[in-house]
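Only one structure is covered here, and it is reproduced in the block below.
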Number of protein chains: 2
Amino acid sequence: MPRRVDPDVRREQVADAVIEEIAAHGLRSVTLARISERTGLAIGSIRHYFGDTLREVMRFTLNVLTQRIGRRATTMSDDPVARITDVIAFAAPTSDQERREHIALVEYRVMARTDPEFAADIAATSLQGAEVVRSLLRDALADRAIDEEALRREALLLFTLVEGFSFGSAMLSSPLRETDVRDVVTATVHRLRGAYPPVEEVAEDALS
Amino acid sequence: MPRRVDPDVRREQVADAVIEEIAAHGLRSVTLARISERTGLAIGSIRHYFGDTLREVMRFTLNVLTQRIGRRATTMSDDPVARITDVIAFAAPTSDQERREHIALVEYRVMARTDPEFAADIAATSLQGAEVVRSLLRDALADRAIDEEALRREALLLFTLVEGFSFGSAMLSSPLRETDVRDVVTATVHRLRGAYPPVEEVAEDALS
DNA sequence: ACTTTTTTGGCATGGACGTGCTAGAAACGC
DNA sequence: GCGTTTCTAGCACGTCCATGCCAAAAAAGT
């Protein structure tokens with residue numbers, strides 16, 4: 001038996017095994033036996049770190065996922081339009097590791113629809129995401145005349161793109177092209193901006 | 001025992017029970033025992049109609065889903081823009097029955113990601129959907145000058161909206177507002193059209 | 001040196017479930 | 001009326017899995 005292990009490191013190792021299993025075979029296929037195979041740890045050993053139950057393993061793993069993905073989404077450009085594009089591009093990652101994590105999160109979301117205990121965690125994440133999008137959109141339209149109702153609808157558009165790229169990409173066997181995603185989003189946001197007059201023009205119109 | 005039953009009707013009854021179970025508790029919760037509870041038929045009786053296996057039940061149900069949803073998506077307006085809006089609005093239905101069916105399809109899609117046998121059926125459906133979107137987009141842009149590459153990208157935008165509304169709506173406990181969905185799509189398509197000059201203007205530009 | 005904590009490990013049990021297979025009743029066809 | 005088909009039904013068994021619980025070895029603390 002080796003010297004002392006950092007329990008957090010061990011838990012993260014187990015979470016990674018769960019993520020890999022989900023990405024490879026779906027969330028339904030996650031069992032202690034399969035985690036054991038992937039980690040090389042015995043079932044009893046795994047259980048030791050998670051209050052003895054598979055459910056705790058699953059909860060911890062969801063927590064790891066949301067934190068990793070949330071952390072990733074905060075490293076962004078200064079330009080508001082570019083930041084929106086970054087956020088949406090994050091929803092359709094291209095690196096293997098990130099893809100696996102995103103796929104796992106989609107699978108968790110589907111499960112959480114019918115499991116109240118996980119639903120709360122997922123809902124909190126969704127609210128955060130929606131708030132980020134809305135906030136970014138406000139920044140991007142700071143120089144435009146737009147009422148709250150229209151802002152809400154435009155936020156829905158962007159959020160739907162996040163959802164669409166997230167789900168669509170997770171369901172594919174290979175990643176979407178990042179340039180495609182960025183081009184689509186950039187064009188959409190520019191057209192969106194173009195639909196609302198700059199604030200200065202509105203003032204000039206009132207004068208004339 | 002009643003008189004002769006129409007086997008197709010019986011099978012459809014079972015499929016409906018599966019759909020309800022999926023919508024209520026997720027696809028992972030579908031078992032012969034639960035189908036039995038929902039239909040009032042004994043397990044042996046259910047199996048009789050499906051070659052004895054649950055898997056056949058699941059396959060048949062997927063078939064029912066794709067046919068129902070595909071049939072629904074063909075009753076559309078004449079105006080190409082309105083037709084695109086209709087298709088995308090179908091992805092986020094508001095009636096209880098349609099919602100259940102769409103939710104069930106989303107759950108099947110997630111399962112099919114890691115089950116080759118179902119993947120083929122789902123892939124065929126996705127290809128069809130993408131082709132419908134592309135074709136509608138061509139119609140809507142028939143009077144516009146657009147190259148194939150841009151058309152592909154715009155189709156990706158629309159298809160992503162379909163995916164986004166489909167997944168997003170399925171994950172919610174109550175439906176999106178149809179007017180919101182339609183407003184978002186209509187605005188997006190109009191802006192999209194506005195990004196490409198009419199064919200006549202292009203010809204005039206060439207003359208001058 | 002002894003006690004406590006940490007880590008690895010796994011037995012035993014019960015539950016859930018799918019499936020191979022069988023049986024009987026009723027409808028139908030000849 | 002008899003044989004065939006259809007339909008309803010469920011037993012028995014094997015597989016898979018989570019979980020309550022226990023044990024031993026090694027590290028760490030006193």
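Note that the coordinates shown come from a computational prediction; the quantities given were computed from them, not determined experimentally. Order of the sequence lines fixes the chain letters, A, B, ..., with proteins taken first and strands second; residue numbering starts at 1 for each chain. For the numbers below, each heavy atom of this structure counts, side chains included, while hydrogens, waters and symmetry mates do not.
A donor and an acceptor atom, one from each side chain of T39(B) and Q13(B), are nowhere located under 3.5 Å apart.
Closest to the side chain of R47(A), from the set dT6(C), dC21(D), dC7(D), is dC21(D). In the set dC17(D), dT5(C), dT19(C), dC17(D) carries the atom at the smallest distance from any side-chain atom of T31(A). The side chain of A42(A) sits closest to dG10(C) out of dG10(C), dT7(C), dC7(D).
The CD1-P distance, from I43(B) to dC21(C), rounds to 18 Å in whole Å. The CG-P distance, from D52(B) to dC11(D), rounds to 16 Å in whole Å. Regarding F50(A), its CZ atom lies at a distance of 14 Å from the P atom of dA18(D), rounded to whole Å. The CZ atom of R34(B) sits 12 Å away from the C1' atom of dG15(C) (whole-angstrom rounding). Taking atom CZ on R4(A) and atom P on dT7(C), their separation rounds to 6 Å, with Å as the unit. Atom CG in D6(B) sits roughly 12 Å away from atom P in dT8(D) (whole-Å rounding). One atom, CG of D8(B), and another, P of dC7(D), lie 11 Å apart when rounded to the nearest Å. I46(A) has its CD1 atom 11 Å from the P atom of dA18(D), to the nearest Å.
At least one side-chain nitrogen or oxygen of Y49(B) sits closer than 4.0 Å to the OP1 or OP2 atom of dT8(D).
R138(B) and E148(B) are joined by a salt bridge, as a carboxylate oxygen and a charged side-chain nitrogen come within less than 4.0 angstrom of each other. Checked for salt-bridge contact, E163(B) and R109(B) meet the test: a charged N lies under 4.0 Å from a carboxylate O. Between R59(A) and E56(A) there is no salt bridge, since no side-chain nitrogen of the basic residue lies less than 4.0 Å from a carboxylate oxygen of the acidic one. R113(B) has a carboxylate O that lies under 4.0 Å from a charged side-chain N of E107(A), or vice versa, which qualifies the two as a salt bridge.
Residue L32(B) is classed as a base contact, given a heavy-atom separation below 4.0 Å to a base.
Closest-nucleotide positions on DNA chain D for L41(B) and T53(A) were compared, and the one nearer the 5' end corresponds to L41(B).
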